[in-house]
Asks: 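The structure under discussion is supplied below as structure tokens; questions concerning it will follow.
Lettering follows sequence order; numbering is per chain, from 1.
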Amino acid sequence: MLFSKANRHKVVSSSTAATVAKVSGFVVDPVSRSVVAVRLKKAEKGEFLRWADLVAFGADAVTVTDDSVIGDGGPDVSALAGKAHRVLGKRVLTSGGDELGKVDDVDFDPETGTITSLVLGKGATAEVAGDRLIGIGSYAVVVRETP
Amino acid sequence: MRLMRTSEITKRPVVTMAGEDVAQVKDVVYAADGGSVVAFTLAGRGVFAGPLKQGLSWGSVAALGADAVMIRDETVLEPVKAMLSASGGKGSSGDVLGSQVLSDAGIDLGVVRDVIVSVDMPGRSGAGSSCDVVGYEIEASEALGTQGELVLIPLPDTIAASGEHLMVPASAKEFVGRDLAGFGAAIEAFRAQLEGTA
């Protein structure tokens, strides 16, 4: 599923069937190459939903058991949630020091949260496999150079 | 192998594998014999950032690409003073730029405007990599028939330099190039010819 498709998904509590928040972004860990938390808006209890705490990331909505799982995400999520670690819009450098373009979208596996690919350039001119991801910093997203 | 103008390397960001730009290249430091790049001096990022006390030795460069100098992390930077004394580097490219290139036949070929290096990165880790000076971009003299134009001239493995003049074999004239794309082949042909006649 693409970030652009998953954004603004409703987060629905399965115990009350009420919408408790909306998805507004994603927190990505470059080491595990996966989404570790979902950023929320319109939530009462906090800004983050840890990936481990959600029940399902469905095609139309994210489900949680109840809104008690929404919070500040904990220290590991906060460390990766800053603007410096954001992926969208950032330039992509290979480990060889060559720029490939800018991240326009990110494809992830809704079952596991694993990043499957980075979509570069306006209009998806290129794709970089998710397993090439090395680092996400304030200057660039670094990906492994292809041999 | 990849050819680059050293003027294009300066100002290039130094980026860690975590994606942080920790510095930018201020100047290129050459080996005492002028034949290779041994280090870079650095400046901070941003308009008002000055020179840094930390430098980057060639051995710590993970990769030198078209858009960035890649390093493992910030810890590979080292104090400039210690780095220069260890590498035997002789300082900036200012030493060569502006020098007159003389052929060994005593003909003025032109004035150095840029230094061309060949970057070779065989391993992922940067081990066994090299950054050799393989040519100069010179403002051609009358002798080359294209006076005032910038042309590329290949260099032999070792070259005599005095700070005033740079001495190249007269045959270098026959291997003058115009753009970096075909220049690699010209360097190889030139060096092969030198070895053949030696």
Side-chain angles (χ1 to χ4, degrees), chain A residues 26-36 75-104 106 115 117-121 125-126 128-147, chain B residues 1-6 8-25 28 37 40 42-47 49 56 58 60-77 117-131 180:
Chain A
F26 301 88
V27 180
V28 177
D29 175 19
V31 177
S32 64
R33 300 178 177 115
S34 62
V35 177
V36 290
D76 48 338
V77 168
S78 321
L80 295 170
K83 202 177 170 192
H85 296 280
R86 221 179 277 172
V87 182
L88 291 178
K90 203 160 275 171
R91 70 170 62 72
V92 178
L93 280 178
T94 68
S95 54
D98 298 323
E99 192 170 323
L100 300 179
K102 291 213 162 92
V103 181
D104 190 47
V106 177
I115 302 296
S117 70
L118 306 177
V119 182
L120 309 188
T125 45
V128 173
D131 61 4
R132 286 172 61 191
L133 189 60
I134 296 175
I136 303 169
S138 59
Y139 184 74
V141 172
V142 182
V143 299
R144 190 163 35 79
E145 203 176 12
T146 44
Chain B
M1 190 188 89
R2 194 174 194 173
L3 298 178
M4 282 180 207
R5 292 178 172 85
T6 50
E8 290 167 359
I9 299 173
T10 54
K11 300 245 170 72
R12 218 168 267 181
V14 176
V15 182
T16 66
M17 290 301 173
E20 299 294 332
D21 54 336
V22 295
Q24 64 186 37
V25 175
V28 178
V37 170
F40 300 109
L42 305 174
R45 296 285 285 162
V47 185
L56 176 62
W58 177 256
S60 301
V61 173
L64 173 51
D67 304 292
V69 181
M70 303 302 293
I71 59 174
R72 195 185 64 225
D73 54 43
E74 224 174 329
T75 64
V76 304
L77 303 184
V117 292
S118 161
V119 179
D120 200 8
M121 292 269 173
R124 281 260 164 78
S125 61
S129 68
S130 62
C131 187
L180 285 182

Asks: About how many Å separate NE2 of A:His85 and CD of B:Glu20, when rounded to the nearest 0.5 Å?
Replies: 6.5 Å
Asks: Mind listing the closest non-hydrogen atom pair of B:Met17 and A:Ile134 along with its distance?
Replies: O-CG2, 3.6 Å
Asks: Side chain, backbone, both or neither: which part of B:Arg12 has an atom under 4.5 Å from a heavy atom of chain A?
Replies: neither
Asks: Considering only heavy atoms and a distance below 4.5 Å, find which of A:Gly97, A:Gly135, A:Ala140 pairs most often with chain B.
Replies: A:Gly97
Asks: Can you find a heavy atom in the side chain of B:Arg2 that is under 4.5 Å from one in the side chain of A:Asp98?
Replies: yes
Asks: Are B:Asp67 and A:Arg91 close enough, and set up right, to give a side chain to side chain contact (heavy atoms under 4.5 Å, CB included), and what steps lead you there?
Replies: CA-CA 11 Å; B:Asp67 304 292; A:Arg91 70 170 62 72; over 6 Å; no
Asks: For A:Ser95 and B:Ala63, which heavy atoms make the closest approach, and how far apart are they?
Replies: O-CB, 3.2 Å
Asks: At a heavy-atom separation under 4.5 Å, does B:Arg72 approach chain A through its side chain, its backbone, both, or neither?
Replies: neither
Asks: For A:Leu93, which atoms come within 4.5 Å of any heavy atom of chain B: side chain, backbone, both, or neither?
Replies: side chain
Asks: What part of B:Val15 lies closer than 4.5 angstrom to a heavy atom of chain A: side chain, backbone, both or neither?
Replies: side chain
